[in-house]
Amino acid sequence: MNEITVFPILQEQQQQQEESTRQPVDIGALREKLAAGRGPAFWRTLDEAAETPELTEYVEQEFPGLSGQIPEGVDRRSLLKVMAASLAMAGAAACTKQPKELIVPYVRQPENVIPGLPLFYATATTTNGYARGLLVESHLNRPTKVEGNPDHPASLGSTTIYEQASTLSLYDPDRSQTVMKEGRISNISEFTGALSSEAQSIAGRKGEGLAILTGATTSPTLMAQMNAILAQWPAAKWYVHEPGVNPAVKSAANKIAGKNAFIAYDFSKADVVVSLESDFLNSGPAALVYARQFAAKRGIDKGQEPVRLYAIESSPSVSGSLADHHLAVKSSAIPAIAYQLAAKCGVSAPAAGADVPWVAAVAADLQKHKGSSIVIPGEFQPESVHLAAYAINAALGNVGTTVKLLEGVEPEGTHSLEDLANDLNGGHVETLLILAGNPVYAAPATLNFEGAIKKARMVVRLGQYFDETSRWSHWHVPEAHYLETWSDARAFDGTATIMQPLIEPLYAGKSVHEILTILLAKPDNSSHDIVKANWQAGYKGGDFDAMWKTSLHNGTVDGTAAAVIAAGPAVALPALGTSEANFEIVFRPDPTVGDGSWANNGWLQELPKPQTKVTWENTVYVSTRDAEAQKLSEGDVVKITVNGKSVTGPVFVVPGHAAGSATIFLGYGRTNSGHVGTGIGYNAYAIQDGATPYVAVGAMVKTGDKVKLANTQEMQTMADRAPVRAAEWTEFKEHPNFPTAEEPSVPKELTLYPNQWTYEGYKWGMSIDLNICTGCSACAIACQAENNIAVVGKDQVTRGRHMHWIRIDRYYSGNLDTPEIYNQPVPCMHCENAPCEVVCPVAATVHSQEGLNQMVYNRCVGTRYCSNNCPYKVRRFNFYLYSDWQTESMWGMRNPDVSVRSRGVMEKCSYCVQRIQEAKINTEKQGRRIRDGEILTACQQVCPTQAISFGDLNDPNAKVTKQQALQRNYGLLDDLNTRPRTTYLGYVKNSNEALRGQRG
Amino acid sequence: MSEVKLSEHPEIHGALVEFDTPEDLIEACEKAYSAGFRKMDAYAPMPVDGLAEAIGYKKNKVALCALCGGIFGAIGGFSLLQWITNVAYPHNVGGRPTNSWPAFIPITFECMILCTALVGVFSMLAMNGLPQPYHPVFNVEAFRRASIDKFFLCIESSDPKFEPKETTEFLESLGGRGVEIVPA
Amino acid sequence: MANQLELEDKIIPDPGEKANIAPGFDYASVTEKITGVVYLPFKKSPKKWLVGIFTAFCFVNLLMFCIWTLFIRGTGIWGINIPIGWGFAIINFVWWIGIGHAGTLISAVLFLLKQDWRTAINRFSEAMTLFAVACAGMYPILHLGRPWLFYWLLPYPNSMWLWPQPRSPLEWDVFAVSTYGTVSIVFWYVGLIPDLATMRDTAPDLWMRKIYGLASLGWRGSAIHWHRYQKIYLILAGIATPLVLSVHTIVSFDFAVSVLPGWHTTIFPPYFVAGAIYSGFAMVLTLIIPLRAWYNMRDVLTLRHIDSACKLMLGTGLIVAYGYGLEAFFAWYSGDKYESFMYWNRVTGPYWWSYVLLIMCNILIPQALWSKKVRHNIIAVWFISIVVNIGMWFERFVIVVTSLHRDFVPSSWGMYTPTKWDWGTYAGTIGFFMMLIFLFVRLLPAISIFEERETLHHEAKHAAHAVQEHA
Amino acid sequence: MAQLFRPSANSLAKIAIGGALILVCSTIGIAYVIDRGPWITDVGVAPVQPIYFSHKHHVKDDGIDCRYCHSSVENSSSAGIPPTETCMSCHSQIWNNATVTEPIRQSWATGKSIEWTKVHDLPDYVYFNHSIHIAKGVGCSTCHGQINEMPWVYKVNTLYMNWCINCHRNPGAYLRPKSEVFNMDYQMPANQASLGAQLVKENHVQSLTDCATCHR
């Protein structure tokens, strides 16, 4: 009978939802929250924020035509455009009067908040439940930029793309802003009342019929709360769903240890690594640590032999792009290969399939490196592979050295989404609390969760967006962003972090703790109280407040690291079923928007996917062979069918992809994801089978349609040029100067002009080590966050107008089936003989005394000549007014130290000049020179493998100086005598003689 | 010595005679010149070689002015650029020296051409006393064809030898047609 | 004064390739003939003229609309992107500037070379130059990201103490194009003064006479004025010749000074200049062939003129062909991988069709002009002249687009597709150009009258000499 | 033929030409003067403020140091505008019921900020940092003028780019000993040339004219 009541509501719900998203956020409220944001240093951004008529006028006079244009297709601003143009004309009349501007000081200025000086707070965010420590930059209580916390074991100072993008999500105007009751705007007290009274009846039922669904979590506080609830109501049930997590990983670990455990690897001791379709450098709770350790082992400049990586995977992953040997096999064939490898390494494994000769060589190599090798199973491989991998590691004596069993930090005894669906359908659930995730969208189609959810009498949904699930929930409560609330979480190694808010909830969002506390009959407790109380309760030591303060300050809680535990009794490898499919469909979270929770994040949508460089949609990866067989080329739409259900999507032919396999990506095809993420791409969940969620038997048929992909890199090969220069480890030992061996760089004296410019003071330069660049693209998005780079949208990307200041070029070489894959990050080269500067008629781009190639937006008239004459094509042009000057909530997000660009001006990488200037001012005040490492560019700071180094080339001890002195250092296109300040270190791979040539 | 007698016939601009071909006109001019007349002017609907010389016109200063203009333009242009790049705001542009003189040549050249042309043309107009919409010779109806197909010689009253009667007779003796007194 | 034009139905025959002007003309009748076009009462204007100017006017409105949209929304409405930062705007700029070269060339160079046949077409082609330069001059401003700040390219004292950057070829353009425009106007106006005087004295009604009278600055044909006049005219011709060469040289520097393969080449200046003259003459023919028919002026715009123009086209066309040849040669001989790839990509890459069109229009088809028959077949000449105009446009398209779209780093290669706004703006400037031409022939003597008189005079002289030698 | 124009036309024509020239020049001249004049630059124009706050009174008569209110001037890009709290620290005691100070009490009571009108206002694309200028010995009054003589504060300099550059090219001419930075009545000594040179050396003052010094 609920359906009947819910259905009519839906119509209104949609309208409501659309209206509520269309309504501009209440800037008054925002201002209240940001009361701090009224300080003087804030004049710049806040008065933009206060977009008064004077301001618009003022802006017009300073940046004529600023509000001139936004990308096509947005009509509600047409008036503004016209206004802008007329004002722009006014701007032409050189002499214009500055309008009146206001200063809005504090009434009571908070302690230690000094206008103009940013503060950094330690906190953490969670990915699939595991913590990643962060330092968040706050300008007058507005979080503007996220950095990794160097002291946090799971971050080491780096982050992935998601942490970087999270600031945009915080200020996303599409976030739900009010409590909704059956689609109508309600308020929090009404909700609290309703849930409290519901709690009464639940109590009456001893919790019977109460179902609580959370995401994967490691939060001690949340677990304490849940345990309390389960204790007071034994019949209640806790379900956990995380679409991007394969439960087999956990179950395998638990089986091996005989208890709750986590398998951690130590790459700093590994000489040979075999990846069984694992993207260990880019995904998983410890990816950043692994990347750092792996990169260190791959370092060759001290003469040690670099780690050798064998990647066995169906489609090239970020980690796979660094592999020395690459075996492209179907995902479903990997268990068999794992077993063969196990057998060859002396593990008693059931016979599995025909021998793959390649495996023998790998096994031999592993045997050579007992105790210093790692076999790492894929995140989405079945339990058998995880067990086999551990068995191999055990057999090779890696356990204890490179492989560790740690106490698990995730809760035990929780139920899965399948259980929930069954319970719902069985009518066992009356009250359903969905405290995370978006199951109506992100559940395998076979569960038909949309049907199941209607069976519950009361569905409460806590979420940041009014999305697919909210539409079917009786109550929707806006969820607080992690930067808005208190919580806690633990890293893969157990280390706990107390997550502190950087800003009051912008839209009165609630945390999961604040919902659960209602069930615990303490509805008024704030997150802060709950979290603090929980820690206080569990704290044995003396001065709690001191511990609390230091923990907050450091971003970690001492003594919380998990203990190493011994393995339980050996687990026999289960026999394999007829695993290998004739044609398999592989399901993976999208490389940028993940499981779909990031769908409304413009930065992630526009971030080129590491392998394909496609933006704004998910494609179907197919192998070159299948492409030939079906005459498929980039953009051809195919129909993917898995037991009866099918979706259509454009293909992308991926060299190095396994034949007989197609990889499709979750996270797209959202129907309720706000203005950015709705209605793009196909929804892979719609054909996902709960039984075989990650690889399924299926079919792929060409439909005949073709679409244009928003692809930022059309050319796949290096076209007989050598932007990336690579060598074998053996060659490198003989010719350490291999990158410049063929084309020696142009002699400096080869010029008509006497060089009158000597860079005596500072001399900034950058060095990028191609050998350890995984192409994860964190640098691109960190740059976007630091430098207020605009999002241009799919149409503009398709026209070749994306704005990234640093792009990651990806080249293939060798044969089509198993090619070499190279990644090359390309920022501005800051050439000493910059071709762009010479051709600018208004001196809008000139060199600084320190050799920076400065781009002066406010002087630029937009001839685009500089870009034409830039051999590296690193310049980006504002063809329209790309920067969003209209959306109020966005103003808070911008970095106040970087101009927001207007229409018609050129922009490009500035080496993060704002950071350079800040450092110079600080050191000048202290009367000293800048030390190496004191300035980190955004891309350098975020890089998980530390592939980018930046510094003063006049400082002989600077890392960058040393790197540029290396023999494998070379400048891109330096035969043009542009004398780039950004140089590269050649790529060296350490392949196995036994297999040489087989990797292509 | 012309100014001596200027005021003698204030009401008369001069005497005008009409010819059909440039050759006749030149011949007449030479006669008049040898007869001692100096203050006279010949009018033709198109440039006629030797006509100006025939009435004793020698030095033409237009070229000189144009030359000066050119020199001024070249020097001005080049020094402007040097000043901009070395004095006004010296920038490091693509590693090039502030004095990148080869790059300044095009603009220098254009400035030279521009000044040559403008100075030359304006000096021409100035020397010709143009614009001058009103001129006594227009008083003569027949003179209308001076811009179409007829050729005129006018001896002006400011000439010391000018005497209305004699001069008119003299002009008639030149074989021209329709000798007329041009009222001032 | 029986107005020739009243007998428009009676087609006046062409005196053939020897004659600059049909026999039987005297000073008066040639004056009457040429001014007659202007004095023709509006009601009597040829239908074709009315239709033509109206169509042109519609295109001018299209131009206005495109420019308005551009200013409101930004250069994003065009097909340009990164890497192809320059598209139609610069292509058309170079194309128009090229067309704008014939005028000054005909009036200056041919004047210095004492080519008497120039008189019939110099006035007209000078006008054409001005209008073409007007069209060209629009583009560098329109193509700016922030067009309202174009004055930052001019050296003027400002509160920022900033000045233009004189190493940039675009800055050179500012000076070159403005100088060229100014000098062309001056040259044209100086040439007009005596004819304006003529019209002052012949115009049918008083207000016309007053207007032309003012415009003629009171010119009265004094011998001494003529003397100075000829001197300055000679000087102008003398400086306009290097000027016309320098302007297109500098335009070619926009490309030649860059580092781009396909742009960075020393052959550009000469071959751009040749191309400019080539397209200029083509445009002159495209325009005067219909005009001389409409206004029945075959007796003053004779086969002689068309024939000579064709020969010049043939010559310059061959220089251009030589330029293309050298580009190919450089690509091979330089051994530079970027150069050779660029050329290969031009010929076989995605824009191969534009290169084929270019060769067809600029090299193959015009070879027909070797044949006298073709040169004397007015329709054929007209067709070829149009083909050459198209070809020269494609030359610029090939240079701009195919060089930019695949340069050094393969990862940032791209494609260029013009939008409706690109086409609209282009069509708009053509309309603007045509409208000015139509107005010009209606308001001013399209042929230099006093120089026609000179021609008559000289021919009379020659005749006299001939007689004497006979005796 | 009949004359088309009267003899006066000749003089008229020539006058017209001259006139046109004069007109063009004077227009440019006038425009320039206006552009540099107070109407555009606001130099010497004191805007009306929500409170009749006299720097003259507080600084000169009461001898309050700049940094008492503009507290972050030495360590931040922004000098800092005092919060109402700072005003109240005195005016809760003195003049605590005067009408002049009413807006302060209002703000204190309601928690609503006092909205001052900005006097020294740089374009948004200019990044100025107070602390470094103070640290290098640029006095307050060098840019702001003798605030201690201003009942209502007004601009004494245009704050135009050429004005900034003027000092950035030759800082020595404007520097003073660090001890004198906050001295509002400081007058440049006769030996400024030598003193400046010495200060430049001591405080390691550079002539920074790179674009990125101010524009980012």
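Note that the structure is a prediction, hence the values are computed from the model and not measured. Each chain gets a letter, A, B and so on, in the order its sequence line appears, and its residues count up from 1.
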Would the distance check show the side chain of [X] and the main-chain N or O of [Y] forming a donor-acceptor pair, the cut-off being under 3.5 Å?
X: A:N869; Y: C:S258; value: no
X: A:R807; Y: C:S411; value: no
X: A:R864; Y: C:H143; value: yes
X: A:R721; Y: C:F408; value: yes
X: A:Y865; Y: C:D254; value: yes
X: A:Q713; Y: C:S412; value: no
X: A:Y880; Y: C:I77; value: yes

Tell me, for [X] versus chain A, whether the close heavy atoms (under 4.5 Å) come from the side chain, the backbone, both or neither.
X: C:W263; value: side chain
X: C:L162; value: both
X: C:T419; value: side chain
X: C:L154; value: neither

Minimal non-hydrogen separation, C:I82 against A:R876, with atom names: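 Result for this residue pair: CG2-NH1, 3.7 Å.
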
Compare every heavy atom of C:G145 with every heavy atom of A:F877, then report the nearest pair and how far apart it is. CZ-CA, 3.7 Å

Ring centers of C:W78, A:F879 separated by less than 6.0 Å: no

Most chain A-contacting option - heavy-atom pairs closer than 4.5 Å, from [options]:
options: C:T417, C:L170, C:D173, C:V409; result: C:L170
options: C:L404, C:L260, C:V257; result: C:L404
options: C:I84, C:N158, C:L144; result: C:L144

Report the distance from atom [atom1] of [X] to atom [atom2] of [Y], rounding to the nearest 0.5 Å.
X: A:E837; Y: C:R167; atom1: CD; atom2: CZ; result: 10.0 Å
X: C:I141; Y: A:T863; atom1: CD1; atom2: OG1; result: 13.5 Å
X: A:R903; Y: C:R73; atom1: CZ; atom2: CZ; result: 10.0 Å
X: A:D975; Y: C:Y338; atom1: CG; atom2: OH; result: 4.5 Å
X: C:H405; Y: A:E714; atom1: NE2; atom2: CD; result: 10.5 Å
X: C:I80; Y: A:R801; atom1: CD1; atom2: CZ; result: 6.5 Å

C:H264 atom NE2, over 12 foreign heavy atoms within 6.0 Å: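 Counting neighbours around NE2 of C:H264, 12 or fewer heavy atoms of other residues, nucleotides or ligands fall under 6.0 Å, so no.
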
C:F59, CZ atom: more than 12 neighbouring heavy atoms under 6.0 Å: no

Heavy-atom pair count under 4.5 Å with chain C, highest-scoring of [options]:
options: A:P841, A:A719, A:G904; value: A:P841
options: A:P723, A:C860, A:P835; value: A:C860
options: A:N868, A:L973, A:V861; value: A:N868

Engaged part of [X] at the chain C interface, taking heavy atoms whose separation is under 4.5 Å:
X: A:P871; result: both
X: A:C870; result: backbone
X: A:T717; result: backbone

Do the side chains of A:D720 and C:K337 get close enough for a salt bridge, i.e. N-O under 4.0 angstrom?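 Here A:D720 does not pair with C:K337 in a salt bridge, since their nearest N and O are not under 4.0 Å apart.
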
Determine whether A:M715 and C:R406 make a side-chain contact, defined as any pair of heavy atoms from C-beta on separated by less than 4.5 Å. no

